[in-house]
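Encoded as structure tokens, the structure appears first; notes follow it.
If you're wondering where the values come from, they're calculated on a predicted model, not measured in any experiment. In what follows, chains carry the letters A, B, and so on, assigned in the order in which the sequence lines appear, proteins first and then strands, with residues in each chain numbered from 1.
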There are 2 protein chains.
Amino acid sequence: MDDALALSALVLALSGQLVQEIHTQVSRQGFEGLRPVHGFAFARIAAGDTTTADLAEHLGVTKQAAAQLVGELAGKGYVVRRPHPHDARARLLELTETGRAATRAADRAARAAVAPWRAELGEARFAELVADLARIAPRGPIRPGW
Amino acid sequence: MDDALALSALVLALSGQLVQEIHTQVSRQGFEGLRPVHGFAFARIAAGDTTTADLAEHLGVTKQAAAQLVGELAGKGYVVRRPHPHDARARLLELTETGRAATRAADRAARAAVAPWRAELGEARFAELVADLARIAPRGPIRPGW
DNA sequence: TCTAAATGGACAAGTAGCTTGTCCATCTGG
DNA sequence: CCAGATGGACAAGCTACTTGTCCATTTAGA
């Protein structure tokens with residue numbers, strides 16, 4: 001019965017640890033000035049066909065906040081804004097090679113953070129865990145921050 | 001192989017959903033002006049024997065930020081600062097009845113948020129999930145925010 | 001026991017990442 | 001063809017943090 005309460009605490013603790021470890025590792029690999037929220041932005045931009053307004057919705061922030069974030073990332077050379085082929089108002093976002101490198105670093109960090117979990121649980125239960133979580137995870141926009 | 005990457009994304013998505021649902025429910029039950037970080041503070045204070053400095057460490061923020069948070073909670077009637085029995089500098093934090101009521105509301109919200117997961121997975125796998133997460137969850141201070 | 005360093009806490013000022021509000025250019029649908 | 005919706009920018013303001021400083025009290029070392 002109290003499993004329910006325990007589970008929510010566990011999920012929150014794990015996600016806090018994950019975020020912190022990934023952020024630490026990425027910083028350490030020379031990608032400074034990046035915050036965790038940028039990872040979610042990179043993921044969306046890497047998916048392709050992303051405008052600032054799309055990004056805002058995906059991140060759950062205002063267009064202005066997203067525009068500021070994009071400006072920051074552009075200034076640091078992680079992102080470029082290209083003209084949109086079908087809409088003169090919009091700008092298509094693209095990752096630069098530096099941006100892709102940062103994404104790869106984050107991926108590696110995520111794998112490294114998860115590796116001890118796999119070791120602790122063993123392959124079989126680890127796979128089950130991933131499958132179970134996949135069944136209950138929500139779709140829709142990411143809501144970074146709390 | 002890519003399970004590792006998927007898992008971290010899943011955990012982050014779940015925790016984002018949890019935080020948001022709990023926060024929404026608690027607000028809706030009349031506890032306004034509370035932010036998710038306050039839940040972590042309440043949990044620590046409820047555990048007893050907590051000073052502002054303890055809280056700061058637990059939340060991973062500066063003493064000043066914790067003091068401000070406590071001042072806010074005290075102003076809203078969720079927390080009282082009592083003299084510390086053995087240290088004239090320190091103040092012991094305690095939840096008021098209102099604070100405990102807010103905590104109970106958050107607990108209920110957490111259970112409600114988790115309930116569909118239990119339904120989706122079934123009792124057996126749900127119990128396994130909780131057990132597995134308990135094995136891999138970190139100890140130590142909570143780091144709210146990302 | 002005396003004193004230097006550490007600790008709990010408060011006050012002040014500054015900062016970063018968001019918000020709301022407003023505006024313009026462009027696209028879309030009746 | 002025009003009214004409303006949409007992508008984006010500029011400006012101002014808010015808020016939850018930060019660093020810096022200070023004081024009272026406790027702790028530890030000589």
Side-chain angles (χ1 to χ4, degrees), chain A residues 16 19-20 23 27 32-42 44-45 48-76 78-94 141-146, chain B residues 16 19-20 23 27 32-42 44-45 48-76 78-94 141-146:
Chain A
V19 165
Q20 190 168 338
H23 181 241
S27 290
E32 297 183 24
L34 286 181
R35 283 168 293 114
V37 63
H38 294 139
F40 295 98
F42 281 22
R44 182 67 174 85
I45 295 170
D49 214 45
T50 305
T51 65
T52 297
D54 293 335
L55 198 55
E57 191 189 350
H58 183 246
L59 297 178
V61 299
T62 58
K63 285 189 302 176
Q64 292 86 332
Q68 180 176 314
L69 189 150
V70 168
E72 222 182 297
L73 291 178
K76 290 176 177 164
Y78 292 111
V79 163
V80 287
R81 282 170 284 204
R82 303 200 174 288
H84 192 290
H86 306 316
D87 189 334
R89 295 168 306 173
R91 316 265 254 145
L92 263 189
L93 303 178
E94 268 183 34
I142 292 287
R143 302 270 155 192
W146 57 40
Chain B
V19 165
Q20 190 169 338
H23 182 242
S27 290
E32 297 183 25
L34 287 180
R35 282 168 292 115
V37 64
H38 294 140
F40 295 99
F42 280 21
R44 182 68 173 84
I45 296 170
D49 214 45
T50 305
T51 66
T52 298
D54 293 335
L55 197 55
E57 192 190 349
H58 182 247
L59 297 179
V61 298
T62 58
K63 284 189 303 176
Q64 291 86 332
Q68 179 176 315
L69 188 149
V70 168
E72 221 180 300
L73 290 179
K76 290 176 177 165
Y78 292 112
V79 164
V80 287
R81 282 169 284 204
R82 303 200 174 288
H84 192 289
H86 306 317
D87 189 335
R89 296 168 305 175
R91 317 264 255 147
L92 264 190
L93 303 178
E94 268 182 35
I142 293 286
R143 303 271 155 194
W146 58 37

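At D/dC17, one or more side-chain N or O atoms of B/Arg35 fall inside 4.0 Å of OP1 or OP2 (strictly under the cut-off).
When rounded to the nearest whole Å, the span between NE2 of A/His86 and C1' of C/dA25 equals 19 Å. Here D/dT6 presents its P atom at 15 Å from NE2 of A/His84, a figure rounded to the nearest Å. Between B/Arg82 atom CZ and C/dG9 atom C1' the separation is 19 Å, expressed in whole Å. Per the geometry, CG belonging to A/Leu55 stands 15 Å off C1' belonging to C/dC18, to the nearest Å. When the P atom of C/dC18 is taken as reference, atom CG of A/Leu59 falls 9 Å away, rounded to whole Å. Residue A/Glu72 contributes atom CD, which lies 16 Å from atom P of C/dT15 at whole-angstrom precision. The interatomic distance linking A/Glu57 (CD) with D/dT6 (C1') rounds to 13 Å, in whole Å. If you measure from atom CZ of A/Arg89 to atom C1' of C/dT26, you get 5 Å, rounded to the nearest angstrom.
Using a 4.5 Å cut-off on side-chain heavy atoms (C-beta onward), B/Thr52 and B/Leu69 make no contact. Counting only heavy atoms from C-beta outward, the side chains of A/Lys76 and A/His38 never approach each other to under 4.5 Å. In this structure, A/Leu34 and A/Leu73 have side chains that are in contact, with non-hydrogen atoms separated by less than 4.5 Å.
One donor-acceptor pair, N or O on each side, does fall under 3.5 Å between the base of D/dG20 and the side chain of B/Gln64.
With DNA chain C read from its 5' end, the first of the two nearest nucleotides for A/Ala66 and A/Ala88 is the one closest to A/Ala66. Of the two residues contacting DNA chain C, namely B/Gln68 and B/Lys63, the nearest-nucleotide position lying further toward the 5' end is that of B/Lys63.
With distances taken from any side-chain atom of A/Ala53 to the nucleotides D/dG7, C/dT19, C/dG9, the minimum falls on D/dG7.
Remark: the backbone N or O of A/Arg44 is paired with a side-chain donor or acceptor of A/Thr50 at under 3.5 angstrom.
Here B/Thr62 lies in heavy-atom contact (under 4.0 Å) with a base. As judged by a 4.0 angstrom heavy-atom cut-off over every strand, A/Ala65 is placed among the base-contacting residues.
Taking each heavy atom of B/Asp54 and B/Asp49 in turn, the nearest pair found is OD2-O, 3.5 Å.
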